[in-house]
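Below is one structure, written out as structure tokens; the observations come after it.
Side chains are part of it too, since the values below use all heavy atoms of this structure and drop only hydrogens, waters and symmetry mates.
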Amino acid sequence: QPRISSFSSTTLLSGSTLTITGTNLTGATEVWLPLTFGGRIQCAFDDAQVSTDTKVYVKIPSDVAFATGRCEIVMVKHDASRDLTYTEKTFSASTDFKN
């Protein structure tokens, strides 16, 4: 099962790279972070670094107000034994993200 275990920082600065650490994160296609008032924002992947099974790298967008909530990673996985491609999501524990 995919799992998010930690973040390189919970103080998110515009333009910086956030490293999300966990297990079974291969196939990540989307990363979402919580915003104030129940919103959320999709973060772009950091093109300068290659995400792996244990680390996903995203750029922090500008002009947003982060909040306490859960990070979500959406992944596309493939089960070779059943020749099946599927979408899987994993969520972090509630985390106090801030600008």
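- In terms of hydrophobic clustering, with Ile, Leu, Val, Met, Phe, Trp and Tyr side chains grouped at heavy-atom distances under 4.5 Å, Leu18 and Leu35 are assigned to a common cluster.
- Heavy atoms only, all atoms of each residue included: Val74 and Lys89 are closest at CG2-CG, 4.1 Å.
- Applying the side chain to side chain donor-acceptor pair (under 3.5 Å) definition to pairs two or more places apart or across chains, those involving residues 77-86 are His78-Thr85, Asp79-Ser81, Asp79-Arg82.
- Applying the salt bridge (Lys or Arg N to Asp or Glu O under 4.0 Å) definition to pairs two or more places apart or across chains, none involves residues 16-38.
- Going from atom NZ of Lys98 over to atom OG1 of Thr36 covers 15.0 Å, rounded to the nearest 0.5 Å.
- A donor-acceptor pair under 3.5 Å is absent between the side-chain atoms of Ser5 and the main chain of Arg3, judged by distance alone.
- For Gln42, the side chain to side chain donor-acceptor pair (under 3.5 Å) criterion is met by no residue, not counting sequence neighbours.
- Residue pairs meeting the ring-ring contact (aromatic ring centres under 6.0 Å, His included) criterion with at least one partner in residues 1-30, sequence neighbours excluded, are Phe7-Phe97.
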Could you walk me through whether Met75 and Thr90 pass the side chain to side chain contact (heavy atoms under 4.5 Å, CB included) test, one step at a time?
CA-CA 8 Å; Met75 296 154 284; Thr90 189; 3.8 Å; yes

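- Applying the side chain to side chain donor-acceptor pair (under 3.5 Å) test to Asp53 and every residue at least two apart in sequence or in another chain returns Thr26.
- Scanning all heavy atoms of the two residues, the minimum distance from Leu13 to Ser16 falls at O-OG, 2.6 Å.
- Remark: Thr54 engages Thr52 in a side chain to side chain contact (heavy atoms under 4.5 Å, CB included) (not counting sequence neighbours).
- One hydrophobic cluster holds both Val56 and Ile41 under the rule that ILVMFWY side chains link at heavy-atom gaps under 4.5 Å.
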Do Ile4 and Ile73 pass the side chain to side chain contact (heavy atoms under 4.5 Å, CB included) test, and can you show the C-alpha distance, the side-chain angles, and the key distance before you say yes or no?
CA-CA 9 Å; Ile4 297 170; Ile73 299 179; 3.9 Å; yes

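- The backbone N or O of Thr19 sits less than 3.5 Å from a side-chain atom of Ser8, completing a donor-acceptor pair.
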Atom pairs and distances, donor-acceptor, side-chain atoms in residues 43-50, under 3.5 Å, two or more places apart:
residue: Asp46; atom: OD1; partner: Ala48; partner atom: N; Å: 2.9
residue: Asp46; atom: OD2; partner: Thr17; partner atom: OG1; Å: 2.6
residue: Asp46; atom: OD2; partner: Gln49; partner atom: NE2; Å: 3.3

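- Residue pairs meeting the salt bridge (Lys or Arg N to Asp or Glu O under 4.0 Å) criterion with at least one member in residues 6-22: none, sequence neighbours excluded.
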Could you list the donor-acceptor pairs under 3.5 angstrom formed by side chains in residues 60-72, with sequence neighbours left out?
residue: Thr68; atom: OG1; partner: Asp96; partner atom: OD1; Å: 3.0
residue: Glu72; atom: OE1; partner: Arg40; partner atom: NH1; Å: 2.5

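- A heavy-atom distance below 4.5 Å is found between the side chains of Val31 and Ile20.
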